[in-house]
Amino acid sequence: MVLIPGRRFVVTLLAAFTLALPALHAQASYTSMPLDQGFGPLDPTPPAMPVQQIITEFTAKEAVFRHALDNYTWTRSVRVQTIDDDGKPDGQYFQVVDIAFDADGHRTERVLEAPESSLTRVMMSPADFEDIEERLPFVLTTDDAPQYDITYVGKQKIDEIETWVFDVKPKTIEKKHRYFQGRIWVDQKDHQIVVTNGRNVPDDLRPGHEDLSTPFITYRQLVDGKYWFPVYTHGDGTLHFTGGHGYLSEDVHMRETVKYTNYHEFHTSIRVIYQGQDITGSPDKGTDKGSPSQTPAGQPSQPSSAPAKPQ
């Protein structure tokens, strides 16, 4: 349990908009995602190819994505704020790190900027940091797929990208494991996830021990003409904590942004195998898929080499 003097709650901050939970437990208000920006109408008609074939192909591409990301360096900036009644930040956690490799080829994190946190109404939990480091964006590989119910929803255009839309939820929840629940958008040409909107589950709802995870939306962008890598995660919503023994209920407006920039390939002897073929450095080899737009879905264009700049 993490304590702040005078308050007894922990909030998972990789966030956007929250899901109402039963009474007598920590709750979070729900605000719909701003999907009207660049998202066209949802077409529920069946796709031209079998749904299971789409799932098989994009989960295989997600496995390629996961291996490829292990061979890249990048810069990550994280900003988490509490917002007062006037809509202004009254507390902030901020950090910029370089994700790189040491001389032995091991993954490292080098802190570039990390002023002292001024958050006073909430405290980031270990789950927050694990989500930042490991769970954004959601990756749904061939090995992961059997854990989830993956339901086809329809087709939708995001900017100039034609996508298939799927709802995803865990089939079962095992103790001490966390899962994704939400919606994903898969590019129809390259068969890769381009947008993820959901939340990490389950939450810890024990009174006095609340550790909440709110939904997030993550956009990816085509990097080096090869892979859709995450570039932007955003959230903005209000969390409601019910009172308990010796402490009052609390509403906390949260705003959070994660940016990923400066992607560079780290050349090693690692080989990427996709459907029995060596596609290291060329994920389109062996397919007839065209290259999608290099603009992250629903977001303005930004160079992948731009440094992370606090705003």
Study note, to complete from the structure: Residues passing the side-chain hydrogen bond (donor to acceptor under 3.5 Å, both in side chains) test with Glu116, sequence neighbours excluded, are none
**Study point:** salt bridge (charged side-chain N to carboxylate O under 4.0 Å, His left out) contacts in which one or both residues fall within residues 82-92, not counting sequence neighbours
**Key:** Asp90-Arg121
Check your understanding: With Gln147, which residues qualify under side-chain hydrogen bond (donor to acceptor under 3.5 Å, both in side chains), at least two apart?
Key -> none
Review point. Do the ring centers of Trp164 and Phe58 come within less than 6.0 Å of each other?
Key: no
Study note, to complete from the structure: What one should report as the nearest heavy-atom pair of Ala145 and Thr59 is CB-CG2, 4.1 Å
Check your understanding: How are the rings of Phe129 and Tyr93 set relative to one another: parallel (under 30°), tilted (30 to 60°) or perpendicular (over 60°)?
Key -> perpendicular
Check your understanding: Can you list the residues that meet the ring pair (Phe, Tyr, Trp, His ring centres under 6.0 Å) rule with Phe229, with sequence neighbours excluded?
Key -> Phe65, Tyr72, Tyr227, Tyr263
Practice item. May I have the step-by-step check of side chain to side chain donor-acceptor pair (under 3.5 Å) for Thr163 and Asp187, ending in yes or no? Key: CA-CA 4 Å; Thr163 71; Asp187 171 59; over 6 Å; no
Point to revise | Pairing residues for Thr196 by the side-chain hydrogen bond (donor to acceptor under 3.5 Å, both in side chains) criterion, not counting sequence neighbours | key: none
Exercise for review: Check step by step if salt bridge (charged side-chain N to carboxylate O under 4.0 Å, His left out) holds for Arg76 and Glu109.
Suggested key: CA-CA 10 Å; Arg76 182 186 67 220; Glu109 291 192 8; 3.4 Å; yes
Review point. With no hydrogens and no angle check, do the side chains of Gln221 and Trp228 hold a donor and an acceptor under 3.5 Å apart?
Key: no
Point to revise | Verdict with reasoning, His234 to Thr257, per side chain to side chain donor-acceptor pair (under 3.5 Å) | key: CA-CA 5 Å; His234 182 68; Thr257 302; 3.2 Å; yes
Exercise for review: Determine, step by step, whether Asp143 and Thr141 satisfy the side chain to side chain donor-acceptor pair (under 3.5 Å) criterion, reporting the C-alpha distance in whole Å, the side-chain angles of both residues, the deciding distance to 0.1 Å, and the verdict.
Suggested key: CA-CA 5 Å; Asp143 290 339; Thr141 70; 5.0 Å; no
Exercise for review: Please list all pairs passing the ring-ring contact (aromatic ring centres under 6.0 Å, His included) test where one or both residues lie in residues 96-128, with sequence neighbours left out.
Suggested key: Phe101-Phe266
Check your understanding: Which atoms form the tightest heavy-atom contact between Tyr219 and Val195, and what is the distance?
Key -> CD2-CG2, 3.8 Å
**Study point:** No-hydrogen, no-angle side-chain donor-acceptor test under 3.5 Å, Gln81 and Gln92
**Key:** yes
Exercise for review: Spell out, as yes or no, whether a donor-acceptor pair under 3.5 Å connects the side chain of Tyr179 to the backbone of Glu174.
Suggested key: yes
